[in-house]
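The model shown is predicted, which means the values in this text are computed figures rather than measured ones.
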Amino acid sequence: NTLTGIPGGTTLSVFPGGAASGMTGGTSAGGHGGNGHADFNGNSGGGGGASTVAISPFSVGHLLVVAGGGGGAGAENQTIFIRANGGTGGGSGGVNGHDGNPVSASGRGRGGTTSAGGANGGITGCTVSATSGTLLAGGNSNSGICLHAGGGGGSGHFGGGGSSVGAGAGGGSAFPG
């Protein structure tokens with residue numbers, strides 16, 4: 001695809017999304033991937049940052065293109081065969097972010113859509129609930145005192161939801177839809 005209707009000489013703001021660093025969510029223009037959390041067995045992953053192109057100066061109203069970041073993995077897999085991987089972010093193959101894995105887990109974070117952040121996976125495994133994705137930001141994993149921490153949601157036009165026990169977080173959505 002190409003951008004059309006942009007007058008010659010227009011300055012664009014291009015921001016490649018940052019990868020998560022351990023539990024810390026990746027950076028993105030105007031937002032961030034959600035944070036993971038530590039539990040008694042290890043650490044969950046933060047969500048990836050979204051990549052954006054906007055008319056400069058950057059603002060939500062100036063967005064032209066957003067590619068969603070991927071969701072972070074949960075700290076523990078349900079089994080060696082059932083991985084707690086994060087969902088992929090939206091892009092050219094589909095605008096909505098994907099839910100975290102396993103898809104049968106109630107604690108998975110949901111992918112962001114073109115109109116709303118992904119729902120969070122709840123509180124199970126920790127004392128504080130995961131948060132849902134919002135405009136340009138992924139939701140955080142469950143937190144507090146944790147036996148089983150989930151992952152942070154990926155940033156996107158609307159971010160993916162953070163996850164809880166044994167599941168990955170949702171990926172962020174792309175723009176335009």
Side-chain angles (χ1 to χ4, degrees), residues 1 3 11-39 42-75 83-101 108-114 116-121 128 130-143 146 149-164 167-177:
N1 292 340
L3 295 175
T11 302
L12 299 179
S13 172
V14 179
F15 192 95
S21 178
M23 295 183 298
T24 303
T27 56
S28 61
H32 53 82
N35 293 322
H37 196 71
D39 65 24
N43 300 330
S44 65
S51 296
T52 59
V53 177
I55 295 173
S56 190
F58 177 85
S59 74
V60 173
H62 290 166
L63 284 172
L64 299 172
V65 177
V66 178
R83 304 285 183 190
N85 296 333
T88 56
S92 61
V95 294
N96 291 334
H98 291 94
D99 291 355
N101 293 299
R108 73 188 185 282
R110 298 335 193 257
T113 69
T114 57
N120 70 70
V128 177
T131 60
S132 298
T134 60
L135 183 65
L136 299 177
N140 293 323
S141 76
N142 57 345
S143 59
C146 292
S155 176
H157 186 238
F158 284 96
S163 62
S164 66
S173 67
F175 176 85

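Distance check, rounded to the nearest 0.5 Å: CZ of Arg110 to CG of Asp99 gives 6.0 Å. To the nearest 0.5 Å, atom CG of residue Leu64 and atom CZ of residue Phe175 are 8.0 Å apart. Here Ile55 contributes atom CD1 and Leu12 contributes atom CG; the two are 7.0 Å apart, rounded to the nearest 0.5 Å. Residue Phe158 holds its CZ atom at 5.0 Å from CG of Leu135, rounded to the nearest 0.5 Å.
Side chains of Thr88 and His98: a donor-acceptor N/O pair is present below 3.5 angstrom, by distance only. Checking Asn120 against Ser132 by side-chain atom types alone, a donor-acceptor pair falls below 3.5 Å.
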Q: Would you sort out whether Val128 and Asn140 count as a side-chain contact (heavy atoms from CB on, under 4.5 Å), showing the intermediate values?
A: CA-CA 10 Å; Val128 177; Asn140 293 323; over 6 Å; no
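Between the side chain of Ser13 and the main chain of Pro57, no donor-acceptor pair closer than 3.5 Å is present. Put simply, the side chain of Thr113 gets close to the backbone of Ala116: a donor and an acceptor are under 3.5 Å apart. A donor-acceptor pair under 3.5 Å links the side-chain atoms of Asp39 to the main chain of Ala149, judged by distance alone.
Across all non-hydrogen atoms, the minimal contact from Asn43 to Ala38 is OD1-CB, 3.2 Å. Nearest heavy atom pair, residue Ser141 against residue Gly151, reads CB-O, 3.4 Å. For Ala130 against Gly121, the heavy-atom pair with the smallest separation is CB-N, 4.2 Å. Here the shortest heavy-atom pairing between Ser163 and Gly168 reads CB-O, 3.1 Å. Closest approach of Cys146 to His37, counting heavy atoms only: SG-CD2, 3.4 Å. Among all heavy-atom pairs drawn from Pro176 and Val65, the shortest one is CD-CA, 4.5 Å.
Checking Ser28, Ser51, Ser173 one by one against Ser155, the side chain to side chain contact (heavy atoms under 4.5 Å, CB included) holds for a single residue, Ser28.
Leu63 places a side-chain heavy atom less than 4.5 Å from the side chain of Phe58.
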